[in-house]
Protein chains: 2
Amino acid sequence: MGRLKIKTVGEKATRIQRKNTDIIMDAALEVFSKNGFGGTTIDQIAENAGLSKPNILYYFSSKEEIHLSLLQGLLVKWLEPLRQLNPTADPITEITSYVQRKLEMSQEFPRESRLFAIEILQGAKHLDKYIQTDLKELVKTKATLIDSWIADGKIAKVNSTHLLFSIWATTQHYADFDAQIKLILEPKNNDTNLIASQYLKELFTKLLSP
Amino acid sequence: MGRLKIKTVGEKATRIQRKNTDIIMDAALEVFSKNGFGGTTIDQIAENAGLSKPNILYYFSSKEEIHLSLLQGLLVKWLEPLRQLNPTADPITEITSYVQRKLEMSQEFPRESRLFAIEILQGAKHLDKYIQTDLKELVKTKATLIDSWIADGKIAKVNSTHLLFSIWATTQHYADFDAQIKLILEPKNNDTNLIASQYLKELFTKLLSP
DNA sequence: GTCTATAAGGTGATAGAC
DNA sequence: GTCTATCACCTTATAGAC
């Protein structure tokens with residue numbers, strides 16, 4: 001009768017498991033991204049999910065397991081924009097498009113962005129193996145691609161790795177520091193996303209123009 | 001014999017109070033910036049400070065009071081680089097100097113940077129009044145200054161508020177996401193700070209050149 | 001000012017009925 | 001699969017001796 005990973009039941013039960021697992025993870029994302037791991041209680045997750053605390057612990061064996069599942073499930077999605085960086089297209093268009101994709105992802109998934117940010121901020125203890133392998137490898141590949149564009153004279157000479165850092169920093173800032181931005185900007189400003197998009201396009205276009 | 005704010009004792013006692021208060025706040029900064037508010041226990045602060053838990057609570061009436069004291073003490077220092085932005089000097093030099101000051105501050109006080117970041121990330125609940133007054137006012141003043149530089153044709157036309165956002169984002173990134181950066185860069189890279197400094201100077205110089 | 005002891009309440013996780 | 005009840009532990013904060 002087992003835990004999640006042991007599938008001994010039929011189609012219908014599996015579907016219920018999947019559905020409830022999704023509900024719990026969404027509720028947990030909501031609370032973890034707002035209060036951090038330590039500031040989150042299973043009770044809060046349970047209330048958010050509309051389930052009882054023991055029921056949460058029927059699907060996940062511990063609070064930490066929920067947290068880990070969330071982080072690991074996030075990684076593939078989070079790297080997708082960078083993976084799409086295309087060697088054959090126009091370099092500046094490619095990079096500014098990447099900036100746009102990253103910005104849109106932060107705006108569309110602010111909870112995920114914050115969860116990720118909190119985790120890195122606190123030392124990346126649960127992601128370090130992944131960062132040292134998958135992310136490091138991907139950065140290396142894409143930095144090499146950018147370096148080849150520089151060597152071909154297609155874009156200006158810049159440090160390709162720090163270029164990536166600054167793209168991450170500027171795009172994620174709008175999701176992660178949203179509270180600060182909202183408090184500073186006038187409430188009437190409903191076009192923050194558009195302005196941010198245009199500003200960042202200009203920032204990186206000017207940097208990279210040969 | 002009263003709490004911190006009531007000064008009924010002589011010079012010597014006051015000096016001890018001040019010394020222990022500083023020790024506690026430094027220990028608390030260490031732990032809060034690493035584990036967040038919820039992930040921190042008074043026991044951890046006590047151990048870090050080399051004091052007993054009740055002794056901590058002799059100087060501060062609660063865990064939250066320590067946290068608040070830290071955040072509020074941080075604000076003046078954190079805004080100083082922007083305050084120094086000088087209306088009379090050369091605009092591009094002024095802005096790139098500001099970038100350097102902000103970068104140095106993040107590198108020199110990474111714990112403060114992370115504490116601040118975690119607070120904003122989680123909704124800025126304890127700083128919202130300050131952000132809406134002091135910071136908003138300062139940003140308005142300095143954005144107006146930058147706008148006047150644009151009007152005078154001294155720098156390129158950009159959105160001045162988003163310029164400030166991108167400066168904060170890029171400079172704080174090196175402190176806040178240090179764990180990720182260290183894992184991605186080769187261990188041999190000891191000159192990250194220098195490269196970051198040069199890269200950011202180029203990024204903003206190109207953006208702002210008329 | 002600093003300590004030991006402890007109250008008071010919250011939290012993660014489990015047992016067992018349904 | 002889901003619930004109520006509960007255990008065992010941890011944590012904040014206080015009381016009171018020194």
Side-chain angles (χ1 to χ4, degrees), chain A residues 1-32 34-71 126, chain B residues 1-28 30-32 34-70 126:
Chain A
M1 223 59 68
R3 285 282 174 267
L4 244 189
K5 290 147 193 170
I6 302 160
K7 298 179 182 176
T8 52
V9 279
E11 279 279 303
K12 193 171 180 181
T14 300
R15 234 177 285 132
I16 291 175
Q17 286 185 337
R18 187 161 202 103
K19 186 189 156 202
N20 275 343
T21 304
D22 287 350
I23 289 175
I24 292 167
M25 285 185 58
D26 188 75
L29 173 61
E30 182 73 23
V31 190
F32 279 137
K34 199 177 281 175
N35 306 331
F37 182 81
T40 293
T41 67
I42 302 180
D43 269 324
Q44 292 171 335
I45 299 174
E47 193 183 0
N48 230 283
L51 296 167
S52 68
K53 180 159 64 169
N55 206 2
I56 302 286
L57 290 163
Y58 169 79
Y59 288 100
F60 292 89
S61 63
S62 71
K63 177 175 140 181
E64 193 161 8
E65 194 185 291
I66 307 176
H67 192 239
L68 266 174
S69 292
L70 272 175
L71 283 174
H126 301 110
Chain B
M1 219 66 64
R3 285 284 175 263
L4 243 189
K5 289 146 195 171
I6 303 161
K7 295 177 182 175
T8 54
V9 280
E11 277 282 301
K12 192 170 180 180
T14 300
R15 231 177 285 131
I16 292 176
Q17 285 184 337
R18 184 156 206 109
K19 186 189 155 201
N20 275 343
T21 304
D22 286 351
I23 290 175
I24 292 167
M25 285 185 57
D26 188 75
E30 182 73 24
V31 192
F32 279 137
K34 199 178 281 175
N35 305 330
F37 181 82
T40 294
T41 67
I42 301 179
D43 268 325
Q44 291 171 335
I45 299 174
E47 194 183 0
N48 231 282
L51 296 168
S52 69
K53 179 159 62 171
N55 207 2
I56 302 285
L57 290 164
Y58 170 79
Y59 288 99
F60 293 88
S61 62
S62 70
K63 177 175 141 182
E64 193 160 10
E65 194 185 291
I66 308 176
H67 192 239
L68 266 175
S69 293
L70 273 176
H126 301 108

Original post:
Rounded to whole angstroms, how far apart are CD1 on I45(B) and P on dT11(D)?
Top reply: 12 Å
Original post:
OP1, OP2 of dC3(D) versus side-chain N and O of N55(A): anything below 4.0 Å?
Top reply: yes
Original post:
Could you state the CZ-P distance from F60(B) to dG1(C), rounded to the nearest angstrom?
Top reply: 13 Å
Original post:
Can you check whether S52(A) has a side-chain N or O nearer than 4.0 Å to OP1 or OP2 of dT2(D)?
Top reply: no
Subject >> Full working for side chain to side chain contact (heavy atoms under 4.5 Å, CB included) between N35(B) and F37(A) >> reply: CA-CA 9 Å; N35(B) 305 330; F37(A) 182 81; over 6 Å; no
**OP:** To the nearest Å, give me how far apart CD1 (I24(A)) and P (dG12(C)) are.
**Re:** 15 Å
Subject >> Minimum-distance nucleotide to P54(A) side chain [options: dT14(C), dT11(D), dA13(D)] >> reply: dT14(C)
Subject >> Any M25(A) side-chain heavy atom under 4.5 Å of L29(A) side chain >> reply: no
**OP:** Measure the distance from CG on L57(A) to P on dT6(D) and round it to the nearest whole Å.
**Re:** 19 Å
Original post:
Side chain of Q44(B), backbone of T41(B): donor and acceptor closer than 3.5 Å?
Top reply: yes
**OP:** Check whether any side-chain nitrogen or oxygen of Y58(B) sits under 4.0 Å from OP1 or OP2 of dG1(C), and answer yes or no.
**Re:** yes
Original post:
Given atom CD of E65(B) and atom P of dT14(D), what is their separation to the nearest angstrom?
Top reply: 11 Å
**OP:** Please state how far atom NZ in K63(B) lies from atom P in dG10(C), giving the value in whole angstrom units.
**Re:** 14 Å
**OP:** Please report, rounded to the nearest Å, how far the C1' atom of dT2(C) is from the CD1 atom of I16(B).
**Re:** 11 Å
**OP:** Check whether any side-chain heavy atom of K63(A) sits under 4.5 Å from a side-chain heavy atom of F32(A), and report yes or no.
**Re:** yes
Subject >> Which residue lies more 5' along DNA chain C, comparing N20(B) with I42(A) via nearest heavy atoms >> reply: N20(B)
Original post:
Rounded to the nearest Å, what distance is computed from the CD1 atom of residue I56(B) to the C1' atom of nucleotide dA13(D)?
Top reply: 13 Å
